[in-house]
Amino acid sequence: MTQRETLGVAVIGTGRMGADHVRRIGEVISGARVAAVVDVDAERAKNVAAGIEGCAAHTEPAAAMAADDVDAVLIASPGPAHEAALLAAFERDLPVLCEKPLTPDAASSLRILEAEQKLGHRRVQVGFMRRYDDEYVKLKALLDTGRLGRPLMLHNRHRNAGSPPGFTEAMLINDSVVHEMDVTRWLLDQEITAVTVLRPTPSDNAPKGLADPQFVVFETDGGALVDVEIFVNCGFGYQVQAEAVCERGTARIGEGHAMVTNEAGRWGGTIAQDFVERFAEAYDREVQAWVDATRRGEVTGPSVWDGYAAAAVCEAAVRAQRDGRRTEVELVERPALYG
């Protein structure tokens, strides 16, 4: 990549996440500009590009990557399109920020893992944005000091006000609990080895055919137990909370008590209504960290290995959900490239 003062980024996918990243690069972070946008809907791509000086519109990722002013790629297209876009980026040795999932299944994620190894160096940062959330960063830093002793359990709650039409039980795992899979591995520095999924009586607010909420349990290779309450039709807002239970103490995040008011016989605060609102600053930090590292010629953050591991745990969790039994996670040996 030719070093430029301002990084030229091709954003692939201009749906909700892609459009938000286009806005973020243009208005929030420093050191980068949107040089190209890509969408299968040519008209939508043109409309997005029209509002950005010097931005080209494309319908094919490879065409955008071939442009002289594109130095890096941000992939925000649907998951099934990620593998082809990543391989195209590898052909040009372009750095990539890829929104999760890396790919929709472990087999294709393994192909990406093998392709990146052939390059001989990392090229991809995977978009697990919780690693850039201030509260999660503080919890990680605390656990790493060892002050609380060895983590024994990690309790997680993941709640959405409501699920969109067509939301399936597998999506509870692949679209939602996948985040807890990644933060579990990151916070504890352990791999998940087995998954069990339990189901209470479904909420009356859940759409017909969707068993919601569910209770997911992870076992790790370090002997920790991790539970996740996933409830995507709680009705009142978006909540993500975690509590680490260690040998000499506990630590809890996600209470959302940045400001509590007392008035007219009541007290309380606000509850975020979706993930974009709750993790807005985390997304900003994630993209800024990617841009800064790329301009230094480095790749940091969640790796292709992390994306592959999450895909493998998702597959085990969906099997556990379907079969109603404890299911072991199958992982290949971790390559030296990923530490």
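Numbers here simply count residues along the sequence, with the first being 1.
- With sequence neighbours left out, Lys100 forms a salt bridge (Lys or Arg N to Asp or Glu O under 4.0 Å) with no residue at all.
- In this structure Ala312 satisfies the side-chain contact (heavy atoms from CB on, under 4.5 Å) test together with Ala106, Val329, Leu331, sequence neighbours excluded.
- Here Arg157 does not pair with Glu229 in a salt bridge; the nearest charged N to carboxylate O distance is not below 4.0 Å.
- Between His158 and His179, the ring-plane angle classifies as tilted under the 30° and 60° cut-offs.
- With sequence neighbours excluded, no residue satisfies side chain to side chain donor-acceptor pair (under 3.5 Å) with Asp189.
- With hydrogens and angles ignored, the 3.5 Å screen pairs a side-chain donor or acceptor of Thr327 with a backbone N or O of Arg325.
- Here Asn47 pairs with Glu43 under the side-chain contact (heavy atoms from CB on, under 4.5 Å) rule; sequence neighbours left out.
- In this structure Asn156 satisfies the side chain to side chain donor-acceptor pair (under 3.5 Å) test with no other residue, sequence neighbours excluded.
- Pairs engaging residues 181-229 under the ring-ring contact (aromatic ring centres under 6.0 Å, His included) rule: none recorded [sequence neighbours left out].
- Every residue two or more places apart in sequence or in another chain that forms a side-chain contact (heavy atoms from CB on, under 4.5 Å) with Ala107 is listed here: Asp105, Arg111.
- Other members of the hydrophobic cluster containing Leu142, listed by chain and number, are Leu148; membership follows side-chain contacts under 4.5 Å among ILVMFWY residues, whether direct or relayed.
- His82 is linked by a side chain to side chain donor-acceptor pair (under 3.5 Å) to nothing, counting only residues two or more places apart in sequence or in another chain.
- Heavy-atom neighbours of Arg147 CZ from other residues, nucleotides or ligands within 6.0 Å: at or below the threshold of 12.
- For Asp182, the side chain to side chain donor-acceptor pair (under 3.5 Å) partners at least two apart in sequence or on another chain are Arg131.
- Take Trp305 and apply the ring-ring contact (aromatic ring centres under 6.0 Å, His included) test, not counting sequence neighbours, and it matches Tyr308.
- Counting only N and O atoms by type, the side chains of Asn233 and Ser203 include no donor and acceptor under 3.5 Å apart.
- Between the side chain of Gln288 and the backbone N or O of Ser30, at least one donor-acceptor pair lies under 3.5 Å.
- For Ala115, the side-chain contact (heavy atoms from CB on, under 4.5 Å) test picks out Leu87, Phe90, with sequence neighbours left out.
- Judged purely by atom type and a 3.5 angstrom limit, Gln117 has no side-chain atom pairing as donor or acceptor with the backbone of Pro335.
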